[in-house]
There are 2 protein chains.
Amino acid sequence: MKMNEGVEWAMHSCVNLSWLPGQAVTAKHLAAFYDLPTAYLNKQLQALTRAGILSSVSGPKGGFQLARDPRKISLLDIVVAIDGADDAFRCTEILRVGPGADPKADYRKVCEISQAMRAAELTYRRELAGQTIAAVAERVVQNYPDAPDNTRHRFANLKS
Amino acid sequence: MKMNEGVEWAMHSCVNLSWLPGQAVTAKHLAAFYDLPTAYLNKQLQALTRAGILSSVSGPKGGFQLARDPRKISLLDIVVAIDGADDAFRCTEILRVGPGADPKADYRKVCEISQAMRAAELTYRRELAGQTIAAVAERVVQNYPDAPDNTRHRFANLKS
DNA sequence: GAGCACTTACTCGGATACGTACTGTCCGAGTTCGATGGG
DNA sequence: CCCATCGAACTCGGACAGTACGTATCCGAGTAAGTGCTC
């Protein structure tokens, strides 16, 4: 069980974008910031755009920017946008074949194992839903007050 | 992000084994119980054996049985045994390339994003670690008091 | 000199290959039981 | 009749293919700016 690597890239990119409000940043620049493959990062940014987290503009002077207030963007939103909304544990309802099977029962709700796994994933998602891009960025600022300025400076110095 | 399907099979098999204490059950029988591919289930049972959750005996009259008290087997134990112990979210420390990078820093502990994701996975694992095979089996009995007897009966009737 | 049309360059977007890991299967090592031959 | 030896059948164990998904890349659609021409 491993999560898409693009999730990490997307989260860092969103934090960076939260420090450059109102301006469109190209995928090329976002990729150069962490030395990532441009085309592949672009693919992740597209997913974020489809999910309504980013807004995109084509053409020269185009790029990506946050589509809404970073306080309204949770880490779960990003995970769902890139990694999908499905649970990691998939109940295939094998109990249907077991003894005393009830064809019309929903074993995803009856099966105790399924319930336990879903409950665990629920706490996981609840935790991620409680963390926002703004909150993460705020904690970064507390530890490294110069981070936003450094970021803006670096983006300004990325040529072409 | 999806989990190995074998996790579900392994959990159900462990619950069934908890109702047949002291006797070795073959992979063939455990597979027939839910109409699963025998060889593939066997592979999962091997993993559980390597993890010390099951004990195995070869030859005729051989098979698998729980290696310890089901109250000491958590759902997390099974997930780790089959799906691996690695976290789903992998911090690749891309901040090393960013501005003000400190080559000797451990960004898995410094990076706020990495910390948030690890915290979420920790709650997930804590939840799974709190659930045992015995507890799950107990809840099944509360809802279906005949389940253990039905299971034993069905295993007894599986010929060859 | 001002306005308009065209060209150009740049960016996002989706369609297309590649690699890894989950899924599924097979055959060999080891063990127990039963049969058989001898004492 | 009892025991030892041999053979056979059954099970786990690890090694071997098939397939789906994550990873990586490329080229086309669309857009805005810049340029040159016309009025």
Side-chain angles (χ1 to χ4, degrees), chain A residues 1-10 13 17 23-32 34-65 67 79 81-86 88-90 92 94 158-160, chain B residues 1-10 13 17 23-32 34-65 67 79 81-86 88-90 92 94 158-160:
Chain A
M1 180 176 62
K2 60 188 181 61
M3 178 173 288
N4 277 18
E5 191 152 10
V7 172
E8 183 186 10
W9 305 353
S13 294
L17 285 174
Q23 58 177 294
V25 183
T26 67
K28 182 194 288 185
H29 280 188
L30 286 169
Y34 293 122
D35 197 21
L36 302 174
T38 303
Y40 192 29
L41 175 63
N42 188 30
K43 189 185 183 71
Q44 317 298 347
L45 297 176
Q46 285 175 36
L48 294 179
T49 302
R50 275 194 295 270
I53 297 172
L54 300 183
S55 64
S56 63
V57 182
S58 285
K61 296 292 180 181
F64 297 90
Q65 56 181 305
V79 169
I82 292 181
D83 211 55
D86 291 342
F89 180 86
R90 299 160 289 168
T92 57
I94 63 178
L158 288 174
K159 298 304 178 191
S160 74
Chain B
M1 181 175 62
K2 61 187 180 59
M3 179 174 289
N4 277 17
E5 192 153 8
V7 171
E8 183 186 11
W9 305 352
S13 293
L17 285 175
Q23 58 178 293
V25 182
T26 66
K28 184 195 284 186
H29 280 188
L30 287 168
Y34 293 123
D35 197 21
L36 303 174
T38 303
Y40 193 28
L41 175 63
N42 187 29
K43 191 184 182 74
Q44 317 297 346
L45 298 176
Q46 285 176 36
L48 294 178
T49 302
R50 276 193 296 270
I53 296 171
L54 299 184
S55 64
S56 64
V57 183
S58 284
K61 296 292 180 182
F64 297 90
Q65 56 181 305
V79 169
I82 292 180
D83 210 55
D86 291 343
F89 180 86
R90 299 160 289 171
T92 57
I94 62 178
L158 288 173
K159 298 303 177 192
S160 75

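Being a predicted model, the structure only gives us computed values, none of them experimental. Just so it is clear, the values below take in all heavy atoms, side chains as well, and ignore hydrogens, waters and symmetry mates. Order of the sequence lines fixes the chain letters, A, B, ..., with proteins taken first and strands second; residue numbering starts at 1 for each chain.
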Using heavy atoms to find the nearest nucleotide of DNA chain D for A/A39 and A/G59 separately, return the residue whose nucleotide is more 5′.
-> A/A39
Quick note, B/T26 side chain, CB onward, closest among D/dT23, C/dC22, D/dT11 is D/dT11
Counting only N and O atoms by type, is there a donor-acceptor contact under 3.5 Å from the side chain of B/Q44 to the main-chain atoms of B/I82?
-> no
Between atom OH in B/Y40 and atom C1' in C/dT23, what is the gap in whole Å?
-> 4 Å
Separation of A/L48 CG from A/S56 OG (nearest 0.5 Å) = 11.0 Å
Between D/dA20 atom C1' and A/N4 atom CG, what is the distance in whole Å?
-> 14 Å
Regarding the side chain of B/Q46, the nearest nucleotide among D/dG13, D/dT25, D/dC12 is D/dG13
Among C/dT23, D/dC12, C/dC12, the one nearest any side-chain atom of B/S56 is D/dC12
Would you mind reading off the distance between A/D83 atom CG and D/dC21 atom C1', rounded to a whole angstrom?
-> 11 Å
So, the side chain of A/D83 versus the backbone of B/M1: is there a donor-acceptor pair under 3.5 Å, distance only?
-> yes
Rounded to whole angstrom units, what separation is found between the CG atom of B/L36 and the C1' atom of C/dT25?
-> 15 Å
Pairwise 5' ranking along DNA chain C for A/M1 and A/F64, keeping only the more 5' one | A/F64
May I ask you to verify if any side-chain N or O of A/R50 is less than 4.0 angstrom from the OP1 or OP2 atom of C/dG14?
-> yes
Separation of D/dA24 P from A/K43 NZ (nearest whole Å) | 12 Å
Is the phosphate of D/dT23, meaning OP1 or OP2, less than 4.0 Å from a side-chain N or O of B/R90?
-> yes
Closest-nucleotide 5' rank along DNA chain C - winner of A/K2 and A/S58 | A/S58
Rounding to a whole Å, what distance do you find between A/L54:CG and C/dC12:P?
-> 11 Å
From A/E8 atom CD to A/Y34 atom OH, the distance as rounded to the nearest 0.5 Å | 9.5 Å
Heavy atoms under 4.0 Å, any strand shown: does B/A24 hit a base, just sugar-phosphate, or nothing?
-> nothing
note: A/K61, atom NZ; C/dT8, atom P; distance rounded to Å ~ 21 Å
Please state how far atom CG in B/L41 lies from atom P in D/dG13, giving the value in whole angstrom units.
-> 13 Å
Within the structure shown, what part of the strands sits under 4.0 Å from B/N42 by heavy-atom distance: base, sugar-phosphate, or nothing?
-> base
Rounded distance [0.5 Å steps], CD in B/E5 versus CZ in A/R90 | 5.5 Å
Phosphate contact (D/dT11 OP1 or OP2) by B/K28 side-chain N/O below 4.0 Å | yes
Looking at D/dT25, C/dC12, D/dC10, which one has an atom nearest to any side-chain atom of B/P60?
-> D/dC10
